[in-house]
Amino acid sequence: MERVLWVDIAIGLVVFSNWVDGFVGYEHHFNETELSLLEAHEASLSYAGTERNNLLLVGLTLIQNAAAKGAVCLDGTLPGYHLHQGYGSGANSWLINLEGGGWCNNIRTCVYRKKTRRGSSDFMEKEIPFTGILSNKAEENPDFFNWNRVKLRYCDGASFTGDSEDETAELQFRGQRIWAAAMEDLMSKGMRFASQAILSGCSAGGLATIIHCDEFRGLFPRTTKVKCLSDAGLFLDAIDVSGGHTLRNLYSGVVGLQGAQKNLPQICTNHLDPISCFFPQNLIASVKTPLFILNAAYDSWQIQSSLAPPSADPHGYWHECRLNHAKCTGPQIQFLQGFRNHMLNAIKYFSRSKQNGLFINSCFSHCQTERQDTWFADNSPVIRNKAIALAVGDWYFDRAGVKAIDCPYPCDNTCHHLIFR
């Protein structure tokens, strides 16, 4: 039976206030309150399928020598990560997960962000739950439960790519340095001995995974098995409902303000403009390291923030549809089917490579690896009877090739659709 996950707006804002800052503050583009909801509900739903008193809580480690390298959050505080050590057969295996949480594209939004956990370690939770792909239980995470599992916190606002500053606004754009300092610190803590490793991430962290995948591969000797997994990171350079380019306009600000150009893959910037090279559709085919793309064909974040944001829908025709796909009209569903077709075209060349993996399910969802209910549970989403965790494991360990593309909505009744109210 189809699963529907309700996200109550009022409750989300009150109960999950700790999490309500990730997508806030897109000047001239986004309604701040509504976009906060997606992250608020994600925090709450990361517990789905897990007993709250049975959660694995993992403490925050600040990278002490990062400041000397200029590797600091937006406000100048130290960056950090959460590490749960592996054991047994996983003692020399490492899974690095890059946290997501939107971007900041101008001084105003970055100044706002530096007073949140997305821009300062002063505001980060001192411990966070490890669920889904980060779980330490074999029954919740069959292939990676005993690996060394790390969540690298996101506090730069440019998917770990920026390298500049704004002295007047007291902003440090040091995402690339944070990435480098974190990798160096983890290598010193045993990651250099890894026999197998995965770089993963969700949303803005999924984009960062694609951008940094080959760099990550380069940290290890050839004998180390290294692959990358991008969850909900396939942001498309799509036309919004008004005929504009909402996400391209946002990315233009991010790349320009944060000086990301020099840290984007050169194979792309040699022939395309830097903003185009912040879009994963222009990067994935040239990633040399094996890469798995997991994405909902009707990505909730992209519908709410890129395709039909309030700025592109001044009369509110899309308001109900954005919150609940069941309230979309026939023409609106047709528009969203066009978005799915755009996604399938974007992965066409990428999917021809034997080493790459795909799981594109026809759900209204966003980020499916870190929530227990969507990663691996009795009623998880499946394509051809295979859950996401099993598909990723089969691909990583070369047990099977995985190129799973769902039939179009509404044919999949295993989805955990996100519905806002």
Side-chain angles (χ1 to χ4, degrees), residues 71 81 93-100 150 152 154 156 158-163 174-187 191-235 251 254-255 258-295 346-358 369 392 395-398 402:
Y81 57 77
S93 299
W94 287 74
L95 187 150
I96 310 301
N97 182 272
L98 304 179
E99 186 178 35
V150 179
L152 178 58
Y154 178 39
D156 65 276
S159 288
F160 298 94
T161 62
D163 195 5
R174 303 299 184 190
Q176 181 69 31
R177 297 190 195 193
I178 292 170
W179 156 263
M183 292 305 107
E184 189 180 316
D185 199 57
L186 292 167
M187 291 300 264
M191 192 167 77
R192 67 185 182 278
F193 303 119
S195 57
Q196 36 193 20
I198 297 178
L199 179 67
S200 75
C202 148
S203 197
L207 169 58
T209 296
I210 292 166
I211 291 170
H212 290 293
C213 182
D214 285 338
E215 263 182 274
F216 185 68
R217 161 74 269 188
L219 296 172
F220 301 95
R222 278 185 154 181
T223 50
T224 307
K225 184 185 188 79
V226 180
K227 298 188 180 185
C228 303
L229 163 63
S230 172
D231 175 12
L234 192 60
F235 297 99
Y251 279 0
V254 175
V255 171
Q258 299 222 21
Q261 177 174 356
K262 55 186 175 288
N263 297 318
L264 297 173
Q266 216 172 342
I267 195 164
C268 182
T269 54
N270 282 344
H271 68 279
L272 288 176
D273 65 277
I275 301 152
S276 296
C277 294
F278 206 69
F279 280 100
Q281 68 194 74
N282 299 317
L283 302 173
I284 53 176
S286 56
V287 175
K288 297 185 180 71
T289 309
L291 173 62
F292 192 103
I293 289 178
L294 162 65
N295 233 89
I347 58 171
K348 203 171 270 183
Y349 183 78
F350 166 87
S351 68
R352 289 180 192 154
S353 167
K354 274 187 179 176
Q355 69 174 13
N356 293 332
L358 274 178
T369 56
V392 171
W395 165 78
Y396 182 83
F397 293 104
D398 304 306
V402 179

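Throughout, residue positions are numbered sequentially from 1 according to the sequence presented.
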Item to complete: Compare all side-chain heavy atoms of Phe160 with those of Ile211 and state whether any distance is below 4.5 angstrom.
Response: no

Item to complete: Write out all pairs satisfying side-chain hydrogen bond (donor to acceptor under 3.5 Å, both in side chains) with one or both partners inside residues 213-222, taking only residues at least two apart or from two chains.
Response: Gln176-Glu215, Trp179-Glu215, His212-Glu215, Asp214-Thr289

Worksheet item: Any donor and acceptor pair, going by atom type alone, linking the side chain of Asn356 with main-chain N or O of Ser351 inside 3.5 Å?
Response: no

Worksheet item: Can you tell me if Thr224 uses its side chain to pair, donor with acceptor, with the backbone of Ala194 under 3.5 Å?
Response: yes

Discussion item. Rounded at 0.5 Å granularity, tell me how far CG in Leu229 sits from CD1 in Ile293.
Written reply: 10.0 Å

Worksheet item: Does the side chain of Asp163 reach to within under 4.5 Å of the side chain of Arg174, using non-hydrogen atoms?
Response: yes

Worksheet item: With sequence neighbours excluded, what pairs up with Gln196 under the side chain to side chain donor-acceptor pair (under 3.5 Å) test?
Response: Ser93

Discussion item. Suppose we screen for side-chain contact (heavy atoms from CB on, under 4.5 Å). Which residues come up paired with Ala346, at least two apart in sequence or across chains?
Written reply: Leu236, Gln281

Discussion item. Which residues pass the side chain to side chain donor-acceptor pair (under 3.5 Å) test with Ser200, not counting sequence neighbours?
Written reply: Asn97

Worksheet entry | Residue pairs fulfilling salt bridge (Lys or Arg N to Asp or Glu O under 4.0 Å) with at least one residue in residues 272-289, sequence neighbours excluded | Arg248-Asp273

Worksheet item: Can you tell me if CZ on Phe397 sees more than 12 non-hydrogen neighbours from other groups inside 6.0 Å?
Response: yes

Discussion item. So, using side chain to side chain donor-acceptor pair (under 3.5 Å) as the criterion, who are the partners of Asp156 when residues are at least two apart?
Written reply: none

Practice prompt. Using side-chain contact (heavy atoms from CB on, under 4.5 Å) as the criterion, list what pairs up with Ala181, not counting sequence neighbours.
Written response: Ala66, Lys69, Ala71

Item to complete: Find out whether Met191 and Ile96 are in side-chain contact, i.e. whether some heavy atom of one side chain is under 4.5 Å from a heavy atom of the other.
Response: yes

Worksheet item: Which atoms form the tightest heavy-atom contact between Phe278 and Leu207, and what is the distance?
Response: O-CD1, 3.4 Å

Practice prompt. Quick one: list whatever passes ring-ring contact (aromatic ring centres under 6.0 Å, His included) with Trp395, sequence neighbours left out.
Written response: Phe292

Item to complete: Give a yes or no on whether the backbone of Gly201 and the side-chain of Thr209 come within a donor-acceptor separation of less than 3.5 Å.
Response: yes

Worksheet item: With sequence neighbours excluded, what pairs up with Lys348 under the side chain to side chain donor-acceptor pair (under 3.5 Å) test?
Response: Asn345

Item to complete: Please list, chain by chain and in numerical order, all residues satisfying ring-ring contact (aromatic ring centres under 6.0 Å, His included) with Phe279, sequence neighbours excluded.
Response: Tyr251

Worksheet item: Can you find a heavy atom in the side chain of Leu294 that is under 4.5 Å from one in the side chain of Val392?
Response: no

Worksheet item: How far apart are the closest heavy atoms of Ile210 and Val287, and which atoms are they?
Response: O-CG2, 4.0 Å

Worksheet item: So how far is it from Leu199 CG to Ser230 OG, rounded to the nearest 0.5 Å?
Response: 9.5 Å

Practice prompt. Rounded to the nearest 0.5 Å, what's the gap from CG on Leu95 to NZ on Lys227? Could you check?
Written response: 13.5 Å

Worksheet item: side-chain contact (heavy atoms from CB on, under 4.5 Å) with Ile267: which residues, sequence neighbours excluded?
Response: Pro265, Ser286

Fill in: Non-neighbouring partners of Tyr396 that pass ring-ring contact (aromatic ring centres under 6.0 Å, His included), sequence neighbours left out
Trp147

Worksheet item: What closest approach, in Å, do Val255 and Pro274 show between heavy atoms, and which atom pair accounts for it?
Response: CG1-CB, 3.9 Å

Discussion item. So, taking the atom named CD1 in Ile284 and the one named SG in Cys268, what distance separates them when rounded to the nearest 0.5 Å?
Written reply: 11.5 Å

Discussion item. So does Thr161 get a backbone contact from the side chain of Asn263, meaning a donor-acceptor N/O pair under 3.5 Å?
Written reply: yes

Practice prompt. Write down the atom of Phe220, the atom of Ala197, and the distance for their closest heavy-atom approach.
Written response: CZ-CB, 4.0 Å

Practice prompt. Supply the atom-to-atom distance Asn270 CG to Leu264 CG, rounded to the nearest 0.5 angstrom.
Written response: 12.0 Å

Fill in: Cys277 to Leu272 - nearest heavy-atom pair and separation
SG-CB, 3.8 Å

Discussion item. So which atom in Tyr154 and which in Ser159 form the shortest heavy-atom distance, rounded to 0.1 Å?
Written reply: OH-N, 3.0 Å

